[in-house]
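These figures come from a predicted structure and were not determined experimentally. A, B, ... follow the sequence lines: proteins, then strands. Residue 1 opens every chain.
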Protein chains: 2
Amino acid sequence: MTEPMYMRISEDLRRQIETKELRPGEQLPTELELRQQYDASRNTIRDAIKLLIGNGLVETRPGQGTYVVEKMDPFVTTLSADPGTGAPGGDGGAYLSEVSEQNREAFSSPPQVGIQKAVGLISARLRIPEGTNVISRHQQRFIDGTPWSMQTSFFPMDFVTRGAARLIGADDIQEGMAQYLADALGLKQVGYRDWITVRVPNSAEADFLKIPMDGRVPVFELLRVAFDESGTPLRVTVTIFPTDRNQFIVNVGDVPPPLSLPKEDDQERTG
Amino acid sequence: MTEPMYMRISEDLRRQIETKELRPGEQLPTELELRQQYDASRNTIRDAIKLLIGNGLVETRPGQGTYVVEKMDPFVTTLSADPGTGAPGGDGGAYLSEVSEQNREAFSSPPQVGIQKAVGLISARLRIPEGTNVISRHQQRFIDGTPWSMQTSFFPMDFVTRGAARLIGADDIQEGMAQYLADALGLKQVGYRDWITVRVPNSAEADFLKIPMDGRVPVFELLRVAFDESGTPLRVTVTIFPTDRNQFIVNVGDVPPPLSLPKEDDQERTG
DNA sequence: GCAAATTTGTTCGTATGTATT
DNA sequence: CAATACATACGAACAAATTTG
């Protein structure tokens, strides 16, 4: 009796989904039907479904119903690459190639370029005074037509005056940002630091990523600071990924290639 | 008018917190008071507070009230270490030393050791048949008295029969697991792969980590598979971290040491 | 194209349970 | 034990999105 009703309902529905009693793509009973099945109020049913959404097991479509998510393979971003070699995963340059390796169709919107004053976190990470102008480049990304991530990169303004004019152009930099900064300014990127946090989306993020704006689906915030040989920050990139369809992998040392893409989302009870 | 009321209330309260109008540790008005202030129902107030909890800005204490979280510095786990050198962050061995570097007091519960049958994800990652016996070692961890993470490691059963008897002892392995396996079995760990996902906690996790069990605070699930020189998995470790007080850092290539611990949680609007 | 029916989203009100002071 | 405050659960109404006739 100690376990709340919404949790028991959620666990029962989860079991049905994991045992394929409810198949991917299938519609769950409506809230009204579930209310009758479990003899609970509509709000209690909705509390139960919220937990399933947080687990990425179902999605709700207003006006239609609640559906078991198609086992859309989660997109896996590898944060660590062979140091020195190819561009790292998750970064602008490597995005398209990494996606195509997984037999998926990637698309990036043209960059929305702007100039703004660096404040707070951005100025601190770029190590420039608050209020200094910075270039921002914002892109929205899709995989197989599904909105996947939102990325904004920030560069010191003087990169442009020193010769990297394409930074303020609204065109993709095909060769990759690290390569372009090396070519245009002689700045050699030797490493980066990623900082991973989780929070609830703001309304702009929820809107683009097609996730509920009430916080049931959190987002990863990946903040990447790239450095040159002298340890000077070259750029700050913030990427937002919805947690219901994104995962990260970090390889350290010698590791064998993955056997296959993860296909199980099993919740092993580790407690 | 398009933005729901609970969201506008949440944003107003967030502004008050970020401008220190409501100071860390301070109690928010009670739900009843907020209901009067914003002329909203109690459920709407609670929806607004849910978003603040998801952002790690406030916490609710039943019977007491809702409080602005003390700017408990988030614990930052570094997933990538100098390859070859010290034990990696987040793993059992390095946990205590990494924490003390941040001037914090760490404590690990004695391991709860058991033998269970490998199923699903565990057997797949250890590359052993389903149903094979594995050793599990479970620990709960605290920092400065606050529950911080729950970790369970899984080892093939034959490690014990081959000489690693301490694996089934309920004592800490002080020298670190990688070192012990090298000493006892001659198995040399040369790398590992981390796989980061986010989900809602189960009731056991919510109970220990002192987070609401209704999914307002998600958890990181960090799955680490360590490999030896031949690419054979040595162990699988699953660690659960509540997202409201944990962050990860990944360093790739040459990066300068962090200037200081992150102290700002500013939500830069990146959209 | 429009209206009705269906389904989820938001908001209100109320009552009772549980934890803390 | 009583008071306070959050947690759970019930019921109801209207709005917004979608599908169907």
Side-chain angles (χ1 to χ4, degrees), chain A residues 1-13 22 25-54 57-69 200-201 203 206-207 210-217, chain B residues 1-13 25-54 57-69 200-201 203 206-207 209-217:
Chain A
M1 265 310 277
T2 57
E3 198 156 60
M5 189 185 302
Y6 69 86
M7 193 154 287
R8 284 187 290 115
I9 295 172
S10 175
E11 280 164 7
D12 187 56
L13 289 171
L22 286 164
E26 191 176 341
Q27 182 178 3
L28 265 67
T30 66
E31 291 174 348
L32 184 62
E33 290 166 333
L34 288 172
R35 181 182 153 170
Q36 294 160 345
Q37 285 182 30
Y38 291 101
D39 192 30
S41 79
R42 190 174 160 225
N43 284 333
T44 302
I45 297 297
R46 285 176 60 79
D47 282 343
I49 290 177
K50 277 181 199 175
L51 291 179
L52 298 177
I53 294 175
L57 292 175
V58 305
E59 63 180 334
T60 56
R61 303 178 199 151
Q64 295 185 57
T66 304
Y67 295 81
V68 182
V69 294
V200 298
S203 40
D207 190 50
K210 300 271 179 54
I211 54 180
M213 67 177 155
D214 57 9
R216 287 171 298 178
V217 177
Chain B
M1 265 306 279
T2 59
E3 197 157 60
M5 190 186 302
Y6 68 83
M7 191 155 290
R8 285 187 289 114
I9 295 173
S10 174
E11 280 164 6
D12 187 55
L13 288 171
E26 192 175 341
Q27 181 177 4
L28 266 68
T30 67
E31 291 175 346
L32 183 62
E33 290 166 333
L34 288 172
R35 181 182 154 171
Q36 294 160 346
Q37 284 182 30
Y38 290 101
D39 193 28
S41 80
R42 190 171 160 232
N43 284 334
T44 302
I45 296 297
R46 284 177 62 78
D47 283 343
I49 290 177
K50 276 181 201 176
L51 291 178
L52 299 178
I53 294 176
L57 292 177
V58 305
E59 64 180 334
T60 56
R61 303 177 200 153
Q64 296 185 55
T66 304
Y67 294 81
V68 182
V69 294
V200 298
S203 42
D207 190 50
L209 297 170
K210 300 270 178 58
I211 55 181
M213 68 178 153
D214 56 9
R216 287 171 297 177
V217 177

Below 4.0 Å: OP1/OP2 of D:dC6 and any side-chain N or O of B:Thr66: yes
Separation of C:dG13 P from B:Met5 CE (nearest whole Å): 10 Å
Residue-phosphate contact under 4.0 Å: A:Thr30 side-chain N/O, C:dT6 OP1/OP2: no
Point-to-point distance, once rounded to the nearest 0.5 Å, from CD1 of B:Ile45 to CG of B:Leu32: 10.0 Å
Results of side chain to side chain donor-acceptor pair (under 3.5 Å) for B:Asp47 - residues two or more places apart only: none
Atom pair distance, as rounded to whole Å: CD in A:Glu59 and P in D:dA17: 17 Å
Distance in angstrom units between B:Glu31 CD and C:dC12 C1', rounded: 15 Å
Test side chain to side chain donor-acceptor pair (under 3.5 Å) applied to A:Thr66 - qualifying residues, sequence neighbours left out: none
B:Asp207: salt bridge (Lys or Arg N to Asp or Glu O under 4.0 Å) partners, not counting sequence neighbours: none
Gap between atoms CD1 and P, on B:Ile49 and D:dC6 respectively (whole Å): 7 Å
N/O donor-acceptor pair under 3.5 Å between B:Glu33 side chain and B:Thr30 backbone: yes
Atom pair CD1 (B:Ile9) and CD (B:Glu11), whose distance is rounded to the nearest 0.5 Å: 11.0 Å
Phosphate-side-chain proximity, A:Arg46 and C:dT7, N/O vs OP1/OP2 below 4.0 Å: no
Distance, nearest 0.5 Å, that separates OG1 of B:Thr44 from CG of B:Leu34: 11.5 Å
Between D:dT8 (P) and A:Arg8 (CZ): distance, integer Å: 13 Å
Side chain to side chain donor-acceptor pair (under 3.5 Å) against B:Arg46, all qualifying residues, sequence neighbours excluded: B:Glu31
Short side-chain N/O contact from B:Tyr6 to OP1 or OP2 of C:dT10, under 4.0 Å: yes
Per-nucleotide protein contact string for nucleotides 14-21 of chain C, where B marks a base within reach and S marks sugar-phosphate only (heavy atoms under 4.0 Å, - for neither): -B---BBS
Donor-acceptor under 3.5 Å (A:Gln64 side chain, A:Gln27 main chain): no
Euclidean distance, atom CD of residue B:Gln36 to atom C1' of D:dA5 [Å, nearest integer]: 14 Å
OP1 or OP2 of C:dG9 under 4.0 Å from side-chain N/O of A:Thr60: yes
Rounded to 10 degrees, the angle between the two terminal axes of the helix from C:dC2-D:dG21 to C:dT21-D:dA2, each from five pairs: 10°
Nearest-angstrom distance from the residue atom CD1 of A:Ile45 to P of C:dT8: 11 Å
Separation of atom OH in B:Tyr38 from atom P in C:dT10, rounded to whole Å: 19 Å
Shortest side-chain distance from A:Arg216, nucleotide among D:dA7, C:dT8, C:dG9: C:dG9
Spacing of CD belonging to A:Gln37 relative to CG belonging to A:Asp12, to within rounding of 0.5 Å: 9.0 Å
Proximity to the side chain of A:Thr44 - top-ranked nucleotide from D:dA9, C:dT8, D:dC6: D:dA9
